[in-house]
Amino acid sequence: MLQVTSINKSFHGKEVIKGIDLSIQKGEVVVIIGPSGSGKSTFLRMMNALEFPTEGDVLLEGESILYRTVGNKKVPRKEKELSKFRAEVGMVFQGFHLFAHKTVLENIIEGPMRVRKVSKETAILEAERLLQKVGLADKRDQYPHALSGGQQQRIAIARALAMKPKILLFDEPTSALDPELVGEVLLVMKELANEGMTMAVVTHEMGFAREVGDRIIFIDQGVIVQDEPAHLFFHINNNNDRIKRFLNTISRNVV
Amino acid sequence: MQEIWSNIVLFSPRLLEGTLITIQLTAISLIFSLIIGLAVALGKITHNKTINRICNFYISIVRGTPLLVQLLYVYFVFPDIGISLTAFQAAIVALSINESAYLAETFRAGIKSIPKGQMEAAQAIGMDYSLAMRRIILPQAIRNVIPAIGNSAIVLIKNSSLAAVITVTELMHNGNLLAASTYQNIQIFTMVAIVYWVLHYPLSLFVDYLEKRGAAHHVTSNQH
């Protein structure tokens, strides 16, 4: 489905991502964890070209989303082409980023109507179905600022789903939420996972990672330290010191 | 007292004619300056370095020279390069250009005030830059800067009085002529001042209202 090949990223000469390879299969839920500043968000943002890698490539269903081949040279894609790929890769942000001047419904139908050129009636029908799914059908005509963080994030998920993406990326979707609102967002994500949605999730929610994740990727200092099926990763005998320390810190904070 | 009233009746028609021209001058210049200002603002924030430089140069020239010089320049120098304009047209051109430079900065600030996440969210659902600008960023940015545009319009009303020097028969010009021919300086210039104040007042109320409303529910305040 999505492939990342020997990707490098530097900001002002400082290497943040140092050669990461990753391949995500259809229907797989890949959870990316790691200490803050490890480059995991940057890594995720490169999967839909919001960030451009310094080296390496990202392939969606075998096709490069960053470059096109002219003759035998690789040319960076124009903005319009990037947009075409981004439409296929949904993204949910830590800060929700709902369009502040649009109602909940308008937020959801904007992409389908303007990008996919779906008719308004069809878009609204689909939006209402998605609102039902995230449990917010009654908020359809509200503005984002009137909603709680958890509700905003569920709307943001509905907005991403409205584009019928092939894969959904989550960039710390619950990190900006009050603790009591985290559950409702994770529940929606869990449902999506159960329906077979392909997902890449950057998160600190170890419970979610363990329960929903098919694979856990541990990133530290710009490299993948461990890439393991969830049940093996959380196995008591995980003998990587760095991961042990990280998991300990996290669980201490939770309890 | 009797004399004052009869003078007011005597001067009013000329001053009202001038007031109408002042209103036209202001309204037309405002529309043009909004269009040019928005274009220059977009040019300033685009990633094309050449366009950036051109827009910065434009703003620098326009803000760095007096409006009076610009008016005289358009009216007297443009004909030499083959562009002959009536006094009214020249005033429109000069006022629009002058105001556009200030509005460009207003628009730019408005666009910059929209959180970066709005653009990213728009791009993430497959919008390209220009579509995201049109549909997501500008509607919010413009809403935020409407009070500032109102303030610019107030300045523009008063600036339009400078068009008197290139013989546009607006309020100031007509007042000047009346004063020169009747020597009723106190009365005429007081009337002129009052008319400008009356013209600005509704705009001023409107700006106050918008600023209060804006403070009450700032649309992007709860976004990260």
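All chains are named by letter (A, B, ...) in the order of the sequence lines, taking the proteins before the strands, and each is independently numbered beginning at 1.
The parts of Ile136(B) that come within reach of chain A are both its backbone and its side chain, each placing non-hydrogen atoms under 4.5 angstrom from that chain. When heavy atoms are compared at a cutoff of 4.5 Å, Val89(A) approaches chain B solely by way of its backbone atoms N, CA, C and O. At a 4.5 Å heavy-atom cutoff, the contact between Arg45(A) and chain B is made by side-chain atoms alone.
Glu105(B) and Arg108(B) are joined by a salt bridge, as a carboxylate oxygen and a charged side-chain nitrogen come within less than 4.0 angstrom of each other. Salt bridge annotation for Lys133(A)-Glu191(A): absent, with no cationic side-chain nitrogen under 4.0 angstrom from a carboxylate oxygen.
Inter-residue side-chain proximity for Glu106(A) and Glu110(A) is flagged as unmet; no heavy-atom pair is nearer than 4.5 Å. Using a 4.5 Å cut-off on side-chain heavy atoms (C-beta onward), Glu170(B) and His173(B) make contact.
In terms of non-hydrogen atom pairs under 4.5 Å with chain B, the most contact-rich of Lys102(A), Met91(A), Lys84(A) is Lys102(A). For the options Ser83(A), Ala87(A), Ala49(A), heavy-atom pairs under 4.5 Å to chain B are most numerous at Ser83(A).
For the residue pair Phe96(A) and Ala156(A), the shortest heavy atom distance occurs at O-CB, 3.9 Å.
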